[in-house]
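Okay, structure first, notes after.
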Amino acid sequence: MSKIQGSAFQLKVWNYLKKIPKGKVCTYGDIAEYIGTKGSARTVGYAMNNSHSKDVPAHRVVNRKGLLTGKHHFDGTNLMQQLLESEGIEVIENQIQNLDSVYWDPTKEL
DNA sequence: TTTCTGACTCGAA
DNA sequence: CTTCGAGCCAGAA
């Protein structure tokens, strides 16, 4: 099994990501706000670096515009896009299409 | 302790 | 359209 350990901040981020349903995505800013550190969207992405060896689906996290800003941290140039498309998410030019349809809003779902 | 970096976001020019 | 600056916070050196 996978070991999920790290700072409290990272644990919150990873736990949040694991709650995202398949075929859905979320943004850094909303995650930060949800875990209590509103405005620390950058720090959320920073925690993702450690998620590289975890079960955290970092590919489901995109920026506000639905742009795959973190794709450069994956292997290859379109791995992140392929992962998203595998879940039924349409991605064109590093940008998620139909963002409103694939965006998972915890404030509405929970 | 300070300083720097970054997978962010928004607003302005 | 693009580019820049400021604000925000966690972690590393």
Side-chain angles (χ1 to χ4, degrees):
Chain A
M1 288 298 289
S2 50
K3 291 182 178 177
I4 305 296
Q5 49 180 274
S7 300
F9 182 86
Q10 300 181 54
L11 291 175
K12 291 179 181 177
V13 175
W14 300 335
N15 182 50
Y16 186 95
L17 264 49
K18 290 161 61 178
K19 292 162 59 179
I20 302 177
K22 184 179 180 181
K24 296 290 181 178
V25 297
C26 197
T27 67
Y28 299 96
D30 286 343
I31 294 175
E33 184 177 5
Y34 179 86
I35 65 181
T37 54
K38 181 180 180 181
S40 61
R42 323 178 67 184
T43 317
V44 173
Y46 187 80
M48 292 301 166
N49 277 304
N50 245 357
S51 71
H52 181 267
S53 300
K54 308 291 186 295
D55 287 352
V56 179
H59 60 273
R60 290 192 186 139
V61 186
V62 296
N63 71 346
R64 263 296 183 194
K65 300 181 180 64
L67 193 65
L68 308 187
T69 52
K71 70 171 297 180
H72 297 293
H73 292 257
F74 289 80
D75 289 339
T77 53
N78 61 340
L79 177 60
M80 187 175 183
Q81 178 174 334
Q82 291 179 358
L83 290 172
L84 290 171
E85 290 179 337
S86 297
E87 297 185 353
I89 300 176
E90 185 179 7
V91 181
I92 300 176
E93 291 293 307
N94 303 334
Q95 185 170 324
I96 293 181
Q97 307 300 306
N98 230 350
L99 182 60
D100 291 343
S101 298
V102 300
Y103 181 69
W104 182 67
D105 191 342
T107 61
K108 295 180 180 177
E109 301 294 340
L110 297 180

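Letters A, B, ... are given to chains in the order of the sequence lines, protein chains preceding strands, and every chain is numbered from 1.
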task: Take A/A41 and A/A8, find for each the nucleotide of DNA chain C with the closest heavy atom, and name the residue whose nucleotide sits nearer the 5' end.
output: A/A41
- request: Rounded to the nearest angstrom, tell me the gap between atom NE2 in A/H72 and atom P in B/dA7.
  value: 9 Å
- request: Identify whether any heavy atom of A/A47 sits under 4.0 Å from a base atom; if not, whether one sits that close to sugar-phosphate; answer base, sugar-phosphate or nothing.
  value: nothing
- prompt: Picking from B/dT9, C/dG11, B/dA7, which would you name as closest to the side chain of A/F74?
  reply: B/dA7
query: For A/M80 and A/G70, which heavy atoms make the closest approach, and how far apart are they?
result: SD-C, 3.9 Å
statement: Here the distance between atom P of C/dG11 and atom CG of A/L11, to the nearest Å, is 10 Å
- prompt: Which whole-number value in Å describes the distance from A/N63 CG to B/dC10 P?
  reply: 9 Å
- prompt: After noting the C-alpha distance and the side-chain angles of A/K19 and A/Y34, does the key distance pass the side-chain contact (heavy atoms from CB on, under 4.5 Å) rule?
  reply: CA-CA 12 Å; A/K19 292 162 59 179; A/Y34 179 86; 2.9 Å; yes
task: Indicate the atoms forming the closest heavy-atom contact of A/C26 with A/I20, along with that distance.
output: CB-CD1, 3.6 Å
task: Send over the distance from A/K65 NZ to B/dC10 C1', rounded to a whole Å.
output: 8 Å
query: Counting any heavy atom closer than 4.0 Å, what does A/Y28 reach on the DNA or RNA strands: base, sugar-phosphate only, or nothing?
result: base
- prompt: Is A/R42 side chain donor-acceptor paired with the C/dC8 base, going by distance under 3.5 Å alone?
  reply: yes
- request: Indicate the atoms forming the closest heavy-atom contact of A/V56 with A/M48, along with that distance.
  value: CG1-SD, 4.4 Å
- request: Return the value, rounded to whole Å, for the distance between atom CG of A/N49 and atom P of C/dA10.
  value: 16 Å
- prompt: A/T43 side chain N/O closer than 4.0 Å to the phosphate oxygens (OP1, OP2) of C/dC8?
  reply: no
- prompt: Does a nitrogen or oxygen in the side chain of A/S7 sit under 4.0 Å from OP1 or OP2 of C/dG11?
  reply: yes
statement: In whole angstroms, the gap separating P of C/dA10 from CD1 of A/I35 amounts to 9 Å
- request: Starting from P on C/dA10, measure out to CD on A/Q10 and report it in whole angstrom.
  value: 11 Å
statement: Rounded to the nearest 0.5 angstrom, the NZ-CD1 distance for A/K12 and A/I35 is 6.5 Å
message: I need the CG-C1' distance between A/N94 and B/dC8, as an integer number of Å.
response: 17 Å
- request: Choose from B/dT9, C/dG11, B/dA7 the nucleotide whose nearest atom is closest to any side-chain atom of A/T27.
  value: B/dT9
- prompt: When you measure from the side chain of A/T37, which nucleotide among B/dC10, B/dA7, C/dA10 comes out closest?
  reply: C/dA10
